[in-house]
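As the structure lists them, so they are numbered: ligands from 1, and atoms in each ligand from 1. Everything numeric here is computed off the predicted structure, so don't read it as measured data.
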Amino acid sequence: MKILVTGGAGFIGSAVIRHIVNNTGDSVINLDKLTYAGNLQSLDSVSTSDRYTFEQVDICQRTELDRLLLEHEPDAVMHLAAESHVDRSIDGPDAFILTNVVGTYTLLESVRQYWQGLSGERKANFRFHHVSTDEVYGDLEGPDELFQETTPYAPSSPYSASKASSDHLVRAWYRTYGLPILITNCSNNYGPFHFPEKLIPLIILNALECKPLPVYGNGRQIRDWLYVEDHARALYAVVTQGEVGETYNVGGHNEKENIDVVHALCDLLDQLRPLKGEQPGSYRALVTYVKDRPGHDQRYAIDATKIQKSLGWVPQESFETGIRKTVEWYLENLEWCRAVQDGSYQRERLGASVKE
Ligand code: NAD
């Protein structure tokens with residue numbers, strides 16, 4: 001197969017591309033605008049493969065999308081390109097509406113035209129896989145409720161509202177035009193190559209510099225954490241074996257309060273990179289509670305029974321194994337983090353895009 005991945009220079013998109021190049025015989029076209037969140041260095045390990053191509057394109061640019069589809073003739077599109085950071089969506093929702101809603105619409109129209117021009121098996125086997133979030137379902141009530149594929153949408157933030165809108169568009173393109181779509185809604189991801197503004201890398205990197213470890217509100221918000229490579233395997237299973245028109249929830253069965261995640265990181269760092277000094281303490285002493293995020297949902301948790309039963313997917317990492325791997329990765333890859341923090345990853349990518 002030839003798979004077009006949008007947002008392939010991002011956190012999850014790059015994990016998907018590494019998974020495909022390293023574990024399958026498929027080819028990948030990485031379509032990415034390279035916003036602040038796109039980092040081609042996350043693809044260094046696969047970028048020289050003859051099954052990998054990069055195209056710097058914005059999903060809002062219809063002509064470019066049309067050209068790219070005709071030129072590369074993909075068998076499937078995995079759509080991950082998005083503005084993805086909730087705090088940024090609160091400060092400036094514009095980019096979220098543009099990319100997540102208008103961009104998804106533009107991509108759907110371009111893909112529909114391309115798919116309608118296919119024939120025979122190529123048309124029958126084509127897939128458009130839209131990658132979404134559990135945040136579209138809003139807040140869960142009580143400790144036992146779980147998000148199911150049938151849970152009504154109730155998004156709380158500009159980010160989740162824009163992702164909910166894109167999910168509705170994708171479903172409508174299936175019902176109205178018959179475009180062969182699949183949707184996945186996944187819980188919080190963590191793991192290597194995660195942009196340092198997100199909770200887990202932020203805590204690790206702040207701790208290493210002995211800076212305060214900011215925790216929103218009382219830190220009791222619950223998230224269901226999934227190791228990013230488990231998510232990449234789930235996405236590949238869905239695009240290759242999923243049933244057209246279906247939605248699959250993807251989750252890690254790892255519900256944790258934010259404060260427990262922060263404490264777990266501190267405890268691992270205490271073991272792996274102990275604080276120095278006459279009376280070395282724990283990184284836990286750096287935890288600082290800050291004003292809660294507006295509209296902050298209290299609890300998300302996924303029921304992943306459907307993908308488990310129908311596609312045989314289960315996560316390979318527990319929270320304990322995944323979080324240890326993650327901390328070890330950051331300790332071994334401080335260069336990658338430094339390039340993001342000092343902005344040099346953006347200078348390099350400008351060079352890369354000129355070459356493309
Ligand atoms: P990310 O922010 O790390 O990466 C997004 C990528 O999209 C970047 O490479 C960026 O350059 C690219 N992009 C942004 N706007 C674009 C545009 N207009 N045209 C082309 N490319 C553009 O995001 P992520 O965490 O990798 O998330 C990927 C997808 O998975 C998103 O759709 C997100 O909603 C969804 N998701 C994320 C999580 C999570 O925990 N991170 C959980 C569930 C679902």
**Request:** Record the part of Y159 in heavy-atom contact with ligand 1 below 4.0 Å; permitted values are side chain, backbone, both and neither.
**Result:** side chain
**E121 atom CD: more than 12 heavy-atom contacts under 6.0 Å** = no
**Message:** Could you check whether any heavy atom of D58 sits closer than 4.0 Å to an atom of ligand 1, since that is the contact criterion I want to use?
**Reply:** yes
**Asked** Which of the numbered atoms in ligand 1 are below 4.0 angstrom from a heavy atom of L34?
**Response** 11 (O)
**Item:** Within-4.5 Å side-chain heavy-atom neighbours: Y236 and Q241
**Value:** no
**Asked** For ligand 1, which atoms, with element, lie under 4.0 Å from some heavy atom of N188?
**Response** 40 (O)
**Message:** With a cutoff of 4.0 Å, is S132 in contact with ligand 1, counting heavy atoms of the residue only?
**Reply:** yes
**Request:** Starting from the C-alpha separation in whole Å, work towards a yes-or-no answer on side-chain contact (heavy atoms from CB on, under 4.5 Å) for E109 and R62.
**Result:** CA-CA 8 Å; E109 276 298 80; R62 176 67 194 267; 3.6 Å; yes
**Message:** Tell me the protein heavy atom at minimum distance from atom 21 (N) of ligand 1, and give that distance in Å.
**Reply:** K33 N, 3.1 Å
**Request:** Determine the interplanar angle of the Y137 and Y153 rings, folded into 0 to 90°, and report it as parallel if under 30°, tilted if 30 to 60°, perpendicular if over 60°.
**Result:** perpendicular
**Request:** Take D297 and Q221 through the side-chain contact (heavy atoms from CB on, under 4.5 Å) test and state the conclusion after the steps.
**Result:** CA-CA 7 Å; D297 289 330; Q221 306 85 358; over 6 Å; no
**Asked** Which residue from V5, N39, T133, I12 reaches closest to atom 37 (C) of ligand 1 through any of its heavy atoms?
**Response** I12
**Message:** Within a 6.0 Å radius of atom NZ on K211, are there more than 12 heavy atoms belonging to other residues, nucleotides or ligands?
**Reply:** no
**Message:** Out of all atoms in ligand 1, which are within 4.0 Å of some heavy atom of T35? Include the element for each.
**Reply:** 10 (C), 11 (O), 14 (C), 15 (N)
**Complete:** Checking heavy atoms under 4.0 Å, the part of C60 that sits near ligand 1 is neither
**Message:** Check this for me: R122, atom CZ, are more than 12 non-hydrogen atoms of other residues, nucleotides or ligands nearer than 6.0 Å?
**Reply:** yes
**Message:** In the structure I gave you, are the side-chain heavy atoms of Y248 and S310 within less than 4.5 Å of one another anywhere?
**Reply:** yes
**Closest to atom 2 (O) of ligand 1 among G251, S84, S42, A81 (heavy-atom distance)** = S84
**Prompt:** Does ligand 1 have a heavy atom under 4.0 Å from the side chain of K163, from its backbone, from both, or from neither?
**Reply:** side chain
**Check against side-chain contact (heavy atoms from CB on, under 4.5 Å), L334 and L208** = CA-CA 10 Å; L334 290 170; L208 291 175; 3.9 Å; yes
**Message:** Below 4.0 Å from ligand 1: does a non-hydrogen atom of S187 turn up there or not?
**Reply:** yes
**Item:** Distance from atom 29 (C) of ligand 1 to nearest protein heavy atom, with residue and atom
**Value:** L80 O, 3.3 Å
**Atoms of ligand 1, numbered as shown, that sit under 4.0 Å from any heavy atom of G38** = 8 (C), 9 (O), 11 (O)
**Fill in**
Looking only at protein heavy atoms, what sits closest to atom 40 (O) of ligand 1 is N189 N, 2.9 Å
**Item:** F319-W329 co-clustered via ILVMFWY side chain contacts under 4.5 Å
**Value:** yes
**Asked** Hey, do the aromatic rings of W336 and Y345 have their centres closer than 6.0 Å?
**Response** no
**Close aromatic pair by centroid cut-off 6.0 Å: F195 and H85** = no
**Fill in**
min-distance protein heavy atom vs atom 5 (C) of ligand 1 -> A82 O, 3.4 Å
**Message:** Checking a contact table here: which protein heavy atom is nearest atom 8 (C) of ligand 1, and how many Å away?
**Reply:** D32 OD2, 3.6 Å
**Item:** Pair L4-L68, side-chain contact (heavy atoms from CB on, under 4.5 Å): steps then yes or no
**Value:** CA-CA 9 Å; L4 176 72; L68 204 138; 3.4 Å; yes
**Request:** Return the option from V131, T99, L98 holding the heavy atom at the smallest distance from atom 15 (N) of ligand 1.
**Result:** T99
**Complete:** A9 heavy atoms within 4.0 Å reach ligand 1 at atoms 9 (O)
**Request:** Please identify which atoms of ligand 1 are closer than 4.0 Å to at least one heavy atom of C186.
**Result:** 42 (C), 43 (C)
**Asked** What do we get for V57 next to ligand 1 when only non-hydrogen atoms under 4.0 Å count, side chain, backbone, both or neither?
**Response** backbone
**Message:** Which label fits F126 and Y114: parallel for a plane angle under 30°, tilted from 30 to 60°, or perpendicular past 60°?
**Reply:** perpendicular
**Request:** For the residue pair H296 and Y216, categorise the inter-ring angle as parallel (less than 30°), tilted (30 to 60°) or perpendicular (more than 60°).
**Result:** perpendicular
**Asked** Does G10 reach ligand 1 with a nitrogen or oxygen that is under 3.5 Å from one of the ligand's nitrogen or oxygen atoms?
**Response** yes
**Prompt:** Is it the side chain (CB and beyond), the backbone, both or neither of N100 that lies under 4.0 Å from ligand 1, heavy atoms counted?
**Reply:** neither
**Prompt:** Among all protein non-hydrogen atoms, which one is nearest to atom 3 (O) of ligand 1, and what is the separation to 0.1 Å?
**Reply:** F11 N, 3.0 Å
**Prompt:** Is there at least one pair of N or O atoms, one from L31 and one from ligand 1, spaced under 3.5 Å apart?
**Reply:** no
**Request:** If you have a sec, work out which protein heavy atom is nearest atom 19 (N) of ligand 1 and how many Å separate them, to one decimal?
**Result:** I59 N, 3.0 Å
